[in-house]
Enquirer: 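Attaching a single structure in structure tokens format; questions to follow.
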Amino acid sequence: MKLNVNLPTPYDIVIEKGALAKAGDWVATLWQPQKIAIITDNRVGSLYAETVKLSLENAGFEAIVFDFLEGEASKNLKTVNKAYEFLVKHEMTRSDGIVALGGGVVGDLAGFVASTYMRGIHFLQIPTSLTAQVDSSIGGKTGVNTSFAKNMVGTFTQPDGVLIDPETLQTLGKRELIEGMGEVIKYGLIDDVELWEELSAMDGSPESILAHAESIIYRSCNVKRKVVVEDELDNGVRLYLNFGHTIGHAIEATAGYGKVMHGEAVAIGMVQISRVAEKKGLMPQGITQAIENMCQKFGLPTDYQPWQVDELYNALKHDKKARGHMIKTVIVPELGRAAINQIPLEEMKAYLEK
Ligand SMILES: NC(=O)c1ccc[n+]([C@@H]2O[C@H](COP(=O)([O-])OP(=O)(O)OC[C@H]3O[C@@H](n4cnc5c(N)ncnc54)[C@H](O)[C@@H]3O)[C@@H](O)[C@H]2O)c1
């Protein structure tokens, strides 16, 4: 299965079971023989780097591997600097390339390294977590965290291609797999009723996610691709992708980063903002319940603790989308369609208090 991200410099997203072992052939359709640095983390690297390296070498490339300790804590400028040192040591030039092999942390960091090393060298994404396969590998947002904020330093730089092997999900932790479903459910809600129906027909078990992986990844990537093509630099409809994220980000921040995973927080955010919108008459009755049922079926949380309300309110006040007394939020007035609404912050607080 293939999708084209039709930007001024277009690229393809290829989704194929077993693709990892044939990565070299795919890269050879995009790049001339050259040196390639595979950037990965220690967990993904120990599982898949050798397969990708061998495949690249068989296709005529020289491949070297740089890995760093897995996890969000490594997504910083220190790791970026280590990567630069590695690239310099191996005399990587602007005619060489980088392959990001891993989850969203690897993809964001390797993309940032590629877009800044020698003012930018070519790179490819081979995402291995569900979050990375349906979200972070597409759209060109690269970056790392600083001590001030998450994803504070970054660029908009598109890869030359994205290769997705759904079979890699078999080694992903159960919680990480379920977490990725938060974004998948979101895509169905904001843009793709058929995806929503496919999810409705599944029993919600991790086995069912793996069995449907190819098709739900394809449909999710298609939604993300469409939105990115319309609004590459995030000034308009790309905001739709933020459904559930306003409250979600506040949940992540108040719980302490890492305690509630991003996709889990998005699930809570989607249900809670829909509840607010339903109470305000902006969404018809029933959609919130349907979202809640869907999230719970896949094992995602949908509620927060009463003690979190004040902290949530404070986090919302400081959200990028808050302007004066209003906050811009995405709602779903009908399944498969998103819209943007302004809600007064005080009203939001009253609704959150239930
Ligand atoms: N650029 C964007 O548009 C965008 C969008 C969404 C999220 N993100 C970023 O993505 C990151 C989250 O991504 P993530 O959830 O993939 O986190 P991650 O990269 O930390 O991966 C989660 C864990 O799963 C492991 N892993 C990944 N693939 C595996 C596999 N196939 N088998 C076994 N283990 C595997 C990793 O080693 C890690 O321990 C965050 O930093 C977030 O900011 C970026």
Side-chain angles (χ1 to χ4, degrees), residues 1-42 44-68 79-103 105-128 132-133 136-140 142 155-168 221 225:
M1 289 194 219
K2 198 189 269 191
L3 287 161
N4 185 258
V5 185
N6 197 15
L7 286 165
T9 310
Y11 61 94
D12 284 336
I13 304 166
V14 175
I15 304 158
E16 194 186 320
K17 282 188 185 166
L20 224 61
K22 295 182 277 178
D25 296 340
W26 171 71
V27 178
T29 64
L30 298 167
W31 291 348
Q32 300 294 320
Q34 55 183 250
K35 202 184 288 181
I36 294 179
I38 300 169
I39 298 188
T40 188
D41 68 25
N42 61 319
V44 176
S46 68
L47 289 163
Y48 300 115
E50 199 49 37
T51 306
V52 173
K53 184 171 183 282
L54 261 177
S55 176
L56 286 170
E57 285 166 355
N58 287 337
F61 296 98
E62 182 188 342
I64 48 179
V65 181
F66 171 78
D67 73 355
F68 59 86
T79 313
V80 168
N81 201 47
K82 281 189 194 153
Y84 291 150
E85 281 169 8
F86 176 87
L87 300 179
V88 170
K89 190 175 127 203
H90 288 87
E91 298 175 346
M92 294 278 291
T93 68
R94 295 196 65 196
S95 55
D96 297 318
I98 286 177
V99 166
L101 173 70
V105 166
V106 166
D108 281 13
L109 185 136
F112 181 72
V113 168
S115 65
T116 49
Y117 180 72
M118 295 190 165
R119 297 208 172 81
I121 65 174
H122 289 269
F123 75 105
L124 299 165
Q125 291 276 6
I126 306 188
T128 59
Q133 293 181 346
S136 59
S137 64
I138 308 148
T142 81
T155 66
F156 279 101
T157 316
Q158 304 294 336
D160 288 357
V162 181
L163 183 69
I164 299 175
D165 182 349
E167 282 183 353
T168 58
C221 289
R225 169 194 76 93

Enquirer: Go through it in stages, so that I can follow the logic: the residues are K53 and V65, the test is side chain to side chain contact (heavy atoms under 4.5 Å, CB included), and I'd like the CA-CA distance, side-chain angles, deciding distance and then a yes or no.
Expert: CA-CA 8 Å; K53 184 171 183 282; V65 181; 3.8 Å; yes
Enquirer: With a 4.5 Å cut-off on side-chain heavy atoms, are Q158 and Y11 touching?
Expert: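 The answer is yes, as the side chains (C-beta and beyond) meet within the 4.5 Å cut-off.
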Enquirer: Can you give me the closest heavy-atom contact between A59 and A28, atom names plus distance?
Expert: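 Looking at all heavy atoms of both residues, the closest pair is CB-CB, 4.5 Å.
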Enquirer: Compare all side-chain heavy atoms of V44 with those of L101 and state whether any distance is below 4.5 angstrom.
Expert: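 A side-chain contact exists here, since the closest heavy-atom pair is under 4.5 Å.
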Enquirer: For A19 and D165, work out which heavy atoms get closest and say how close.
Expert: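 So the minimum-distance heavy-atom pair works out to N-OD2, 3.1 Å.
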Enquirer: Check the pair L3, I138 against side chain to side chain contact (heavy atoms under 4.5 Å, CB included), reporting the backbone distance first and the verdict last.
Expert: CA-CA 11 Å; L3 287 161; I138 308 148; over 6 Å; no
Enquirer: Quick one: does Q125's side chain have a donor or acceptor within less than 3.5 Å of a partner on V99's backbone?
Expert: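 No, because the side chain of Q125 does not come within donor-acceptor range (under 3.5 Å) of the backbone of V99.
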Enquirer: For a salt bridge (Lys or Arg N to Asp or Glu O under 4.0 Å) check, start with the C-alpha distance between K89 and E85, then their side-chain angles and the critical distance, and finish with the verdict.
Expert: CA-CA 6 Å; K89 190 175 127 203; E85 281 169 8; over 6 Å; no
Enquirer: Contact between F66 and K82 at the side-chain level, heavy atoms closer than 4.5 Å - yes or no?
Expert: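 Yes - at least one pair of side-chain heavy atoms lies under 4.5 Å apart.
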Enquirer: Name the residue from D96, I98, V27 that meets the side chain to side chain contact (heavy atoms under 4.5 Å, CB included) definition with I36.
Expert: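 Of all the options given, the one that passes is V27.
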Enquirer: At their closest point, which heavy atom of S55 faces which heavy atom of K22, and how far apart are they?
Expert: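 Looking at all heavy atoms of both residues, the closest pair is OG-C, 3.5 Å.
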Enquirer: Can you tell me how far apart CD (E16) and NZ (K2) are? Round to the nearest 0.5 Å.
Expert: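 One gets 10.0 Å once the value is rounded to the nearest 0.5 Å.
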Enquirer: Can you see which heavy atom on A49 is nearest to which on T40, and at what distance?
Expert: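 Minimum heavy-atom contact is CB-CG2, 4.5 Å.
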Enquirer: Over all heavy atoms of both residues, which pair between P166 and I164 is shortest? Give the atoms and the distance, please.
Expert: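 So the minimum-distance heavy-atom pair works out to CD-O, 3.5 Å.
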Enquirer: In Å and rounded to the nearest 0.5 Å, what is the CD1 to CD1 distance from I38 to I126?
Expert: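 Taking CD1 in I38 and CD1 in I126, the distance rounds to 7.5 Å.
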Enquirer: Does any non-hydrogen side-chain atom of F86 lie less than 4.5 Å from one of I39?
Expert: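 Counting from C-beta outward, I39 and F86 never come under 4.5 Å.
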Enquirer: Would you say the side-chain atoms of T168 and Q133 include a donor-acceptor pair closer than 3.5 Å?
Expert: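 Side chains of T168 and Q133: pair found under 3.5 Å.
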Enquirer: Evaluate D41 against D67 for side chain to side chain contact (heavy atoms under 4.5 Å, CB included), listing each step before the verdict.
Expert: CA-CA 5 Å; D41 68 25; D67 73 355; 5.8 Å; no
Enquirer: Near E62 CD, under 6.0 Å, is it more than 12 heavy atoms from other residues, nucleotides or ligands?
Expert: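 No - once you tally the heavy atoms of other residues, nucleotides and ligands closer than 6.0 Å, there are 12 at most.
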Enquirer: Are L109 and T79 packed together at the side-chain level, in the sense that at least one heavy-atom pair is separated by less than 4.5 angstrom?
Expert: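 The answer is yes; the side chains approach within 4.5 Å.
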Enquirer: Taking it one step at a time, do F68 and V105 satisfy side chain to side chain contact (heavy atoms under 4.5 Å, CB included)?
Expert: CA-CA 10 Å; F68 59 86; V105 166; 3.9 Å; yes
Enquirer: For residues G103 and T128, report the shortest heavy-atom separation together with the two atoms involved.
Expert: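 Nearest heavy atoms, G103 then T128: N-OG1, 3.6 Å.
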Enquirer: Using residues 113-123 as the side-chain source, report each donor-acceptor pair under 3.5 Å to any protein atom, sequence neighbours left out, with the distance given to one decimal.
Expert:
residue, atom, partner, partner atom, Å
S115, OG, G111, O, 3.1
S115, OG, F112, O, 3.1
S115, OG, T155, OG1, 2.9
T116, OG1, Y84, OH, 2.6
T116, OG1, F112, O, 2.7
T116, OG1, V113, O, 3.3
Y117, OH, M92, O, 2.8
H122, ND1, D160, OD1, 3.3
H122, ND1, D160, OD2, 2.7

Enquirer: Is the shortest side-chain heavy-atom distance between L20 and E167 below 4.5 Å?
Expert: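 The answer is no; the side chains never approach within 4.5 Å.
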Enquirer: Is it the case that N4 and D12 place a side-chain donor and acceptor less than 3.5 Å from each other?
Expert: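 Present: a donor and an acceptor within the cut-off.
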Enquirer: Is there side-chain contact between S136 and D108, with heavy atoms separated by less than 4.5 Å?
Expert: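 With C-beta onward as the side chain, the pair touches.
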